[in-house]
Amino acid sequence: MGCGLLGAKTGLKVRELLETLPILLLLVVLCGLDWALYSIFDTIRHHSFLQYSFRSSHKLEVKVGGDSMLARLLRKTIGALNTSSETVMESNNMPCLPQPVGLDARAYWRAALPIGLLVCLCLLQAFGYRLRRVIAAFYFPKREKKRILFLYNDLLRKRAAFTKLRRAAILRRARQQKAPRHPLADILHRGCPLLRRWLRRRCVVCQAPETPDSYVCRTLDCEAVYCWSCWDDMRQRCPVCTPREELSSSAFSDSNDDTAYAW
């Protein structure tokens with residue numbers, strides 16, 4: 001019963017971890033996409049930078065010749081319009097370029113911390129369920145006893161059903177082995193050594209190919225094939241030719257005692 005409960009708790013942990021797997025994959029994809037976009041925009045910013053420099057100079061000068069009064073008047077009047085200027089203008093396309101900001105290690109840690117806590121909670125969830133059972137058993141001991149008896153009897157029922165299915169599969173495979181083979185199969189078995197691996201008989205329990213060390217039941221009209229490990233597991237009793245009532249449930253289960261329900 002303990003093995004069954006342990007397997008159930010292990011299955012629960014695995015299921016919870018599988019449920020967190022999409023979130024973990026989403027986090028990895030988002031972090032990778034962020035890094036890729038940052039690299040692309042940073043490359044664009046570095047290789048697409050352009051700078052323009054414009055320089056110009058202007059000089060306006062009007063010369064009036066002559067010594068007359070009109071010439072002097074024009075020189076005083078128009079001479080004030082003489083100007084000179086020099087223009088220097090520099091510009092670049094930096095405002096039009098992307099300005100990416102990369103995430104630091106602290107941001108990545110803050111994003112991954114909730115996922116890590118979620119995984120830890122999935123691993124510790126079974127212990128929380130166990131603590132819940134301990135608290136309930138402390139306040140309701142009779143209810144806990146009924147629960148344990150129910151789980152124990154359910155495990156025995158499942159074990160008995162598995163025993164029947166296992167024996168039925170062994171009987172089916174034994175009947176298939178006793179069925180007469182096609183004459184062509186015997187000819188190929190004798191004449192083609194390479195095909196003997198697929199044409200030889202197999203263990204009725206684990207379906208391992210027959211070897212010189214395999215055990216063949218000595219009962220007449222049985223001749224079921226067992227590998228030595230399966231023959232030892234069967235307690236050296238052939239379930240094909242042994243009556244059902246003579247077989248103990250211990251030959252097909254992990255317990256050395258017969259199945260008995262608890263009340």
Inset, instruction - Check for a donor-acceptor pair, side chain of Asp154 on one end and backbone N or O of Phe150 on the other, with a separation under 3.5 Å. - result: no
Inset, instruction - Report yes if some heavy atom in the side chain of Pro98 is under 4.5 Å from a heavy atom in the side chain of Ile44; otherwise report no. - result: yes
Inset, instruction - Let me see the working for Met94 and Gln51 under side chain to side chain contact (heavy atoms under 4.5 Å, CB included), right down to the final yes or no. - result: CA-CA 9 Å; Met94 182 61 71; Gln51 186 173 5; over 6 Å; no
Legend entry - Parallel, tilted or perpendicular, as decided by the 30° and 60° cut-offs, for the rings of Tyr215 and Trp231: parallel
Inset, instruction - Look up atom CG in Leu103 and atom CG in Asp34, then write down how far apart they are to the nearest 0.5 Å. - result: 4.5 Å
Legend entry - Cys238 side chain near Tyr226 side chain, heavy-atom distance below 4.5 Å: yes
Legend entry - Arg173 side-chain N/O to Val205 backbone N/O, donor-acceptor pair under 3.5 Å: yes
Legend entry - Working for side chain to side chain contact (heavy atoms under 4.5 Å, CB included), residues Leu117 and Cys120: CA-CA 5 Å; Leu117 293 177; Cys120 293; 5.5 Å; no
Legend entry - Separation between CG of Asp232 and CH2 of Trp228, rounded to the nearest 0.5 Å: 7.0 Å
Inset, instruction - Mind running side chain to side chain contact (heavy atoms under 4.5 Å, CB included) on Tyr152 and Leu149 for me, showing each step along the way? - result: CA-CA 5 Å; Tyr152 178 72; Leu149 292 178; 5.5 Å; no
Legend entry - Arg45, CZ atom: more than 12 neighbouring heavy atoms under 6.0 Å: yes
Legend entry - Separation between NE2 of His47 and CG of Asp42, rounded to the nearest 0.5 Å: 8.5 Å
Inset, instruction - Say whether Val134 and Leu124 are linked into one hydrophobic cluster, either directly or through other cluster members, by side-chain heavy-atom distances under 4.5 angstrom. - result: no
Legend entry - Distance, nearest 0.5 Å, that separates CZ of Phe49 from CG of Asn93: 6.5 Å
Inset, instruction - Verify the cluster assignment for Leu27 and Leu18: are they in a single hydrophobic cluster under the rule of side-chain heavy atoms below 4.5 Å apart? - result: no
Inset, instruction - With rounding to the nearest 0.5 Å, note down the distance linking CG in Leu25 to OG1 in Thr20. - result: 9.5 Å
Legend entry - Single-linkage hydrophobic cluster Leu113~Val119, side-chain heavy atoms < 4.5 angstrom: no
Inset, instruction - Using the rule that two of Ile, Leu, Val, Met, Phe, Trp, Tyr join whenever any of their side-chain heavy atoms come within less than 4.5 Å, decide whether Ile135 and Phe140 are in one cluster. - result: yes
Inset, instruction - List the steps and the verdict of side chain to side chain contact (heavy atoms under 4.5 Å, CB included) for Leu155 and Leu151. - result: CA-CA 6 Å; Leu155 180 61; Leu151 293 176; over 6 Å; no
Legend entry - Same apolar cluster (I L V M F W Y, side chains within < 4.5 Å links), Val204/Leu171: yes
Legend entry - From CG (Leu50) to CG (Leu97), nearest 0.5 Å: 8.0 Å
